[in-house]
Trainee: 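Take a look at the following structure, please.
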Amino acid sequence: MSRAGPSNPEITSVRNIAPKSRDERGQTRDEVEKGRLMARTGGFQRYTDPSEVLTQPPDSLGYADDLDRFNRDTVGAEKMRRDAAYARKEMIYYARRTERSDAEEERWKQVETEYAQDEQSLAVMREDGEKARRNKPSVPYHLLSMQYAEDPEGEKLRYEDDGTKFRASHRAANLQNKDNATGFNPITGEQISAVNTLGRPRREDYGM
């Protein structure tokens, strides 16, 4: 038993269309390939237009709009830059002057406060009379004439000095008596004059 083969289709009228060239379609081969890459799907890498490779995004540091890129007024731009730098320096100088002026004003306020406190202390001292003594030496005797001052301190110093002289005279007399009890010079045989002793000073004589 023989198997029948496929039947040939019925021949009808065929419409033949002549292919168009790329020039007629208005696209080059490069444009066609770029269009296919742009339209592809399936999770491929994102397509980037080659014309945008050298284009900076607006949020990047290298971005410049057309107004800045085509601005040819370099002199004006340089003047603006210098004016901005000058204004910045002036602001710095102004801040420094203000700071120093405030510090100087605060210093003078401190000086005035200390001066007022000193004046108040001096006024209290003058009223009390404790340290309001003028042209008075620190010792109770005259520095040139060596005379005792005519006040209680001068009398006290004279009493102390007389007491020192009294003790010195008795000490000299005791040493003389112990060194030579006979009262004669052992070499010449002459009599030695005795040391004059002074009387003990009394407080009543000095107003103490």
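Quick caveat, the model's predicted, so the values are computed rather than measured.
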Trainee: Atom CG of L175 and atom CZ of R171: how far apart are they, to the nearest 0.5 Å?
Mentor: 7.5 Å

Trainee: Quick check: do R96 and I92 have side-chain heavy atoms less than 4.5 Å from each other?
Mentor: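 With C-beta onward as the side chain, the pair touches.
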
Trainee: Please check if the side chain of Q56 supplies one atom and the backbone of L61 the other of a donor-acceptor pair under 3.5 Å.
Mentor: no

Trainee: Could you tell me whether the side chains of E112 and W108 share a donor-acceptor contact shorter than 3.5 Å?
Mentor: no

Trainee: Taking the hydrophobic residues Ile, Leu, Val, Met, Phe, Trp and Tyr, and joining any pair whose side-chain heavy atoms are under 4.5 Å apart, which ones share a cluster with Y115?
Mentor: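 Grouped by the 4.5 Å side-chain rule, Y115 forms a cluster of one, so the answer is none.
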
Trainee: What distance do Q176 atom CD and S193 atom OG have between them, rounded to the nearest 0.5 Å?
Mentor: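 Answer for the CD-OG pair, Q176 versus S193, is 7.0 Å.
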
Trainee: Atom CD in E155, atom CG in D162: separation rounded to 0.5 Å?
Mentor: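 It is 9.5 Å, given to the nearest 0.5 Å.
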
Trainee: So if you build clusters from Ile, Leu, Val, Met, Phe, Trp, Tyr with side-chain heavy-atom gaps below 4.5 Å, do Y148 and V139 land together?
Mentor: yes

Trainee: Tell me, please, which residues at least two apart from E90 pass side-chain contact (heavy atoms from CB on, under 4.5 Å).
Mentor: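 Partners of E90 by the side-chain contact (heavy atoms from CB on, under 4.5 Å) criterion, ordered by chain and then number, come out as Y86, Y93.
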
Trainee: Donor-acceptor pair, distance only, cut-off 3.5 Å: does the side chain of S101 make one with the backbone of R97?
Mentor: no

Trainee: Once you round to the nearest 0.5 Å, how far does CZ of R82 lie from CE of M80?
Mentor: 14.0 Å

Trainee: If you apply the rule salt bridge (charged side-chain N to carboxylate O under 4.0 Å, His left out), what do you find for K165 with D161, and how did you get there?
Mentor: CA-CA 6 Å; K165 295 177 182 178; D161 291 344; over 6 Å; no

Trainee: Are Y206 and K156 close enough that some pair of their side-chain heavy atoms sits under 4.5 Å apart?
Mentor: no

Trainee: Tell me, yes or no, whether the heavy-atom count around N196 atom CG, taken from other residues, nucleotides or ligands under 6.0 Å, exceeds 12.
Mentor: no

Trainee: Between Y159 and D205, do the side chains contain a donor N or O and an acceptor N or O under 3.5 Å apart?
Mentor: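 Checked: D205/Y159 side chains show no N/O donor-acceptor pair below 3.5 Å.
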
Trainee: Does atom CD of E119 have more than 12 heavy-atom neighbours, drawn from other residues, nucleotides or ligands, at distances under 6.0 Å?
Mentor: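 Buried by this count: over 12 neighbours within 6.0 Å.
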
Trainee: Using a 3.5 Å distance criterion without hydrogens, assess whether the side chain of H170 forms a donor-acceptor pair with backbone atoms of L198.
Mentor: yes

Trainee: Could I get the full list of side-chain contact (heavy atoms from CB on, under 4.5 Å) partners for D65, not counting sequence neighbours?
Mentor: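 By the side-chain contact (heavy atoms from CB on, under 4.5 Å) rule, D65 matches Y63, L67, D68.
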
Trainee: About how many Å separate OG1 of T74 and NZ of K79, when rounded to the nearest 0.5 Å?
Mentor: 14.0 Å

Trainee: Can E104 and R107 be said to form a side-chain contact (heavy atoms from CB on, under 4.5 Å), step by step?
Mentor: CA-CA 5 Å; E104 187 68 12; R107 188 181 71 86; 2.7 Å; yes

Trainee: Check the pair E31 / K34 against salt bridge (charged side-chain N to carboxylate O under 4.0 Å, His left out), numbers first and verdict last.
Mentor: CA-CA 5 Å; E31 292 175 349; K34 292 179 180 178; over 6 Å; no

Trainee: When rounded to the nearest 0.5 angstrom, what is the spacing between CD in E114 and CD in Q110?
Mentor: 4.5 Å

